Structures are given as structure tokens and as C-alpha cells.
Amino acid sequence: APPSKDKDEL
Amino acid sequence: MNIFRLAGDLSHLAAIIILLIKIWKTRSCAGISGRSQVLFAIVFITRYLDLFTNFISAYNTAMKVFFLGSSIGTVYLMYLKFKATYDHNHDTFRIEFLLLPTALLSLVLNHEFSVMEILWTFSIYLESVAILPQLFMVSKTGEAESITSHYLFALGSYRGLYILNWIYRYYFEGFYDIIAIVAGCVQTILYCDFFYLYITKVLKGKKLQLPA
């Protein structure tokens with residue numbers, strides 16, 4: 001799966 | 001959120017707190033690279049621009065605020081408050097050799113050609129090499145205080161734990177971000193020789209001494 005847009009990592 | 005990412009974030013938090021304790025208690029930033037701290041401040045500023053526009057969770061916001069505040073605060077302590085103790089002579093790594101290539105690479109290799117995405121990508125690439133001035137300084141001085149080596153161990157471990165987080169997310173969530181993964185691997189690999197010295201020397205109570 002392509003990287004999701006919402007950057008939930010710090 | 002998973003245990004690896006939480007452990008990584010806490011390790012990162014611990015590293016920053018150890019550094020602040022070292023500077024505040026010894027009232028000195030001897031042995032610490034101000035240039036690396038400037039790069040870390042740039043990393044957080046360019047990565048957390050969405051602090052006010054994109055709310056993820058209280059934890060996420062709190063950590064971003066802490067990382068931003070502490071990195072800018074550390075630069076302040078080093079270049080202003082404890083300026084007299086800053087070791088200019090050994091902190092000489094040319095950071096333009098890190099800023100320019102990572103900036104160019106973020107313009108070429110990114111997920112989306114938008115301002116926020118390019119700044120995020122730049123921040124990821126820069127973070128992977130931001131420790132180089134510090135490692136260079138330790139190699140030049142040939143040694144590091146034990147508290148500084150604990151700081152470096154915690155800082156290096158944080159992205160190593162993130163790699164485990166990415167493996168976990170790939171298998172359990174089908175999520176992966178190749179840019180963060182490659183940069184994270186480069187970042188962790190840069191610490192390898194330090195990790196070896198830390199485990200073989202510092203943990204045995206010896207001082208971290210690099211072979212001259």
C-alpha cells in the first residue's frame with residue numbers, strides 16, 4: 001500500500 | 001501506535017532530557033556539537049509545520065511541542081547562555097554539505113511535489129545525517145563524557161526502534177513509507193560503530209575513548 005498521507009508518526 | 005514506536009518516541013524523549021540535564025547540571029556544553037543541535041531544530045521545524053493544522057492526538061501534539069521547544073531551547077543554551085563553554089574548535093563539520101544535498105534530494109525524491117510534503121521529506125533526509133557533526137566531534141576529541149554517550153545511545157536507539165515499528169506496520173497494517181524507512185536505516189547505520197563502542201566500553205564502566 002502506498003504511504004498514507006496523514007503523517008501520524010513523529 | 002505500537003510498542004516499538006512508543007519505545008522509540010520515549011527513547012527520543014529520554015535522549016533530549018539527558019542532553020538538557022547534562023547542559024543544565026554541568027552548566028557546560030563541552031563535547032556537544034552545536035551544529036548537530038541546529039540541524040535537529042531545523043528537522044523539527046520543517047517536520048512539525050502542521051502542528052496547528054493537522055491534529056492527530058494529544059500525545060502527538062504534546063511530543064511535537066516538546067521536541068520543538070527543547071531543540072530550539074538547546075540551541076539557545078549552547079549559542080547564548082553557555083556560549084563560553086561551547087567548543088568551537090572541535091565542532092567544525094561543514095553542515096552546508098548536509099543541508100544542500102538533502103534539500104536537493106527532497107526536491108527530486110518525494111511522494112508529492114507540494115510545499116508541506118517537500119519540507120517533510122527534507123526533514124526526514126536531514127534527520128538521517130544530522131548526527132554527523134556530533135559523531136565527527138567525538139572522533140576529533142577522541143572521547144566523550146559518559147552522559148554524552150548515554151545521550152547518543154538513546155538518540156541512536158530511537159530510530160532503530162522506529163525500524164521495528166515500520167516492520168510491524170508493514171505486516172500488521174500494510175503501511176510503509178519507503179522514504180522514512182530508507183532514511184531511518186541510513187540514520188541507524190551511522191550509529192553502528194558508536195553502538196559497538198558504547199556496549200563494549202561504556203557499559204563496562206569505561207570512558208568512551210575512540211582509537212586515536
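Please read these numbers as outputs of a predicted model, since none were measured by experiment. The chains referred to below are lettered A, B, ... by the order of the sequence lines, with proteins before strands, and numbering in each begins at 1.
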For chain A, which residues from residues 150-163 of chain B lie under 4.5 Å away (heavy-atom distances)? B:R159, B:Y162

Taking it one step at a time, do A:K7 and B:N54 satisfy side chain to side chain contact (heavy atoms under 4.5 Å, CB included)? CA-CA 9 Å; A:K7 307 268 187 243; B:N54 181 13; 5.5 Å; no

If contact means a heavy atom pair closer than 4.5 Å, which residues of residues 180-197 of chain B contact chain A? none

If you check every heavy atom in residues 44-52 of chain B against those of chain A, which residues fall under 4.5 Å? B:R47, B:Y48

Hits for side-chain contact (heavy atoms from CB on, under 4.5 Å) against B:V75, two or more places apart or cross-chain, chain-then-number order -> B:Q37, B:V38, B:A41, B:Y79

Nearest-0.5 Å distance that lies between atom CG in A:D8 and atom CZ in B:F175: 6.5 Å

Looking only at heavy atoms and a cut-off of under 4.5 Å, which of B:K64, B:M1, B:R5 has the most pairs with chain A? B:R5

Should A:E9 and B:N60 count as side-chain neighbours, where that means a heavy-atom distance under 4.5 Å? no

